[in-house]
Amino acid sequence: MERLAPDFFDMPTLLLAERLLGKIFVMDAGHGNTPLKGRIVETEAYLAGEDEASHAWRGRTHRNRAMFGPPGTLYVYFSYGCHYLANIVSEPEGSAGAVLLRAMEPVEGIDEMRRRRGTDDLLSLMSGPGKLTQALGIGPEHYAESLVGSRCWIEDAPELSSAKIGTSPRIGISRSAGLPWRKFVIGSPHVSKTRTASRPKKGLIVLES
DNA sequence: GCGATGATGAACT
DNA sequence: GTTCATCATCGCA
C-alpha cells in the first residue's frame with residue numbers, strides 16, 4: 001500500500017479521527033531491522049476551539065507547540081509520569097486540532113513489540129495509548145516529527161464502511177467529558193478496554209449535583 | 001472477574 | 001501544590 005500523502009491529514013479533526021481507522025502506522029526501526037507496524041483501531045479527536053479537554057485549549061505553550069504545526073505532525077507528550085502518548089495534527093494548520101492514537105492491532109515486528117512491552121499477549125501489546133507508544137518506541141525524540149518523513153509514516157488501507165465505525169465519549173478526561181469524539185473499529189479485540197469509569201479524587205470528597 | 005491504588009514527571013495555578 | 005488524554009499489580013471473590 002501507498003504511504004499517505006501530506007494532504008491526507010488536511011481535513012477536519014473529527015473526520016480525520018474516523019478516516020485514520022484501519023490505516024497502518026509504520027515506525028522505521030533503522031539498521032535494516034523489520035519496521036514496526038500497527039493497524040489503527042481506536043482514536044480520539046481533540047478539537048480546536050471549544051474543547052476544554054484539549055491541551056491547546058488555553059492557547060499555545062511550550063509543551064503543546066507541535067499541535068500548532070502543519071497537518072500530519074506528531075504531537076508526543078509525557079503523561080502521568082509513566083507514558084508517552086501520540087497525536088496526529090489535523091487541519092487547519094495553526095488551529096491545533098489533533099487526533100490521539102488510542103489503540104492498534106499489531107501487524108509486523110511483533111516479536112520486537114513483545115520484547116519492548118514485556119509481554120507475549122497479543123491483545124496487550126497495543127491496546128491502549130500508552131501501550132502502543134511503548135510497543136512502537138515513540139518517545140520525546142519524535143516530538144513534532146512529520147508523518148510524511150522517513151522515520152515514521154502511515155500506509156493507506158481500504159476505507160472502512162461506516163457500519164464498522166463505533167463512537168463513544170472519550171476516555172480518561174474530566175473536562176468536556178461526554179462528547180462523542182472517540183472512534184473505534186467495531187468488533188476489534190485490540191480496542192482499549194474501558195476500565196473503571198472514574199476514580200474518586202485522592203483525599204477529596206467530591207460533591208456533585 | 002472485579003475495583004482500588006501507587007508510580008512518576010512535567011505543566012500549570 | 002494540584003492536575004492529569006495511563007498502566008500494572010494487588011487483594012478479594
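Below, chains carry the letters A, B, ... as their sequence lines are ordered, and counting in each starts from 1.
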Please enumerate all protein N or O atoms sitting under 3.5 Å from an N or O of nucleotides 10-13 of chain C, with distances to 0.1 Å.
none

Quick one: [X] [atom1] to [N] [atom2], roughly how many Å, whole number?
X: A/R170; N: C/dA5; atom1: CZ; atom2: C1'; value: 8 Å
X: A/R65; N: B/dA10; atom1: CZ; atom2: P; value: 14 Å
X: A/L123; N: C/dA8; atom1: CG; atom2: P; value: 13 Å
X: A/N87; N: C/dC4; atom1: CG; atom2: P; value: 17 Å
X: A/W57; N: C/dC4; atom1: CH2; atom2: C1'; value: 15 Å
X: A/Y77; N: C/dA5; atom1: OH; atom2: P; value: 6 Å
X: A/K193; N: B/dG1; atom1: NZ; atom2: C1'; value: 12 Å
X: A/L179; N: C/dA5; atom1: CG; atom2: C1'; value: 14 Å

> At under 4.0 Å, does any side-chain N or O of A/S79 touch on OP1 or OP2 of B/dA10?
Replying inline: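 Looking at the OP1 and OP2 atoms of B/dA10, neither is under 4.0 Å from any side-chain N or O of A/S79.
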> Is the phosphate of C/dC4, meaning OP1 or OP2, less than 4.0 Å from a side-chain N or O of A/R175?
Replying inline: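 Negative; the distance criterion is not met.
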Set of residues satisfying side chain to side chain contact (heavy atoms under 4.5 Å, CB included) with respect to [X], sequence neighbours excluded:
X: A/R60; result: A/N64, A/R65, A/F68
X: A/E105; result: A/R39, A/V41, A/H190
X: A/A53; result: A/Y46, A/D51, A/R170, A/I173, A/S176

Check for a donor-acceptor pair, side chain of [X] on one end and backbone N or O of [Y] on the other, with a separation under 3.5 Å.
X: A/Q134; Y: A/R116; value: yes
X: A/S188; Y: A/V185; value: no
X: A/R102; Y: A/S192; value: no
X: A/S127; Y: A/L123; value: yes

Residues sharing [X]'s hydrophobic cluster, by side-chain heavy-atom contacts under 4.5 Å among ILVMFWY, directly or via others?
X: A/W57; result: none
X: A/L14; result: A/L47, A/L179, A/W181
X: A/V26; result: A/I24, A/V107, A/W153

> Reading DNA chain B 5' to 3', how would its secondary structure be written in dot-bracket notation, given Watson-Crick and G-U pairs with both distances under 3.5 Å, brackets [ ] for crossing pairs and | for partners on other strands?
Replying inline: |||||||.||||.
> Once the angle between the rings of A/Y84 and A/F78 is folded into 0 to 90°, is it parallel (under 30°), tilted (30 to 60°) or perpendicular (over 60°)?
Replying inline: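 Answer is tilted, since the angle falls between 30° and 60°.
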> How would you label the contact of A/G130 with the nucleic acid (heavy atoms, under 4.0 Å): base, sugar-phosphate, or nothing?
Replying inline: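 Contact class for A/G130: sugar-phosphate only.
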> Between C/dC4, C/dA8, C/dA5, which one does the side chain of A/R117 approach most closely?
Replying inline: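 Nearest to the side chain of A/R117 among the choices is C/dA8.
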> Considering residues, nucleotides and ligands other than A/E50, do more than 12 of their heavy atoms fall under 6.0 Å from its CD?
Replying inline: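 No - once you tally the heavy atoms of other residues, nucleotides and ligands closer than 6.0 Å, there are 12 at most.
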> Who passes side chain to side chain donor-acceptor pair (under 3.5 Å) against A/R115, sequence neighbours left out?
Replying inline: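 Side chain to side chain donor-acceptor pair (under 3.5 Å) list for A/R115, sorted by chain: A/E112.
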Pick out the pairs of N or O atoms, protein on one side and nucleotides 11-13 of chain B on the other, that lie under 3.5 Å.
| unit_1 | atom_1 | unit_2 | atom_2 | d |
| --- | --- | --- | --- | --- |
| B/dC12 | OP1 | A/T61 | OG1 | 2.9 |

> Which of residues 92-105 of chain A sit near DNA chain C, with a heavy atom under 4.0 Å from it?
Replying inline: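 Per residue number, the list reads A/L100, A/R102.
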>> Under the rule for salt bridge (charged side-chain N to carboxylate O under 4.0 Å, His left out), what residues qualify as partners of A/R117, not counting sequence neighbours?
In response: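 Listed in chain order: nothing, the list is empty.
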> Would you call A/F78 stacked on B/dG9, i.e. ring centres under 5.5 Å apart with the planes less than 30° off parallel?
Replying inline: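 No; centroid distance or tilt outside limits.
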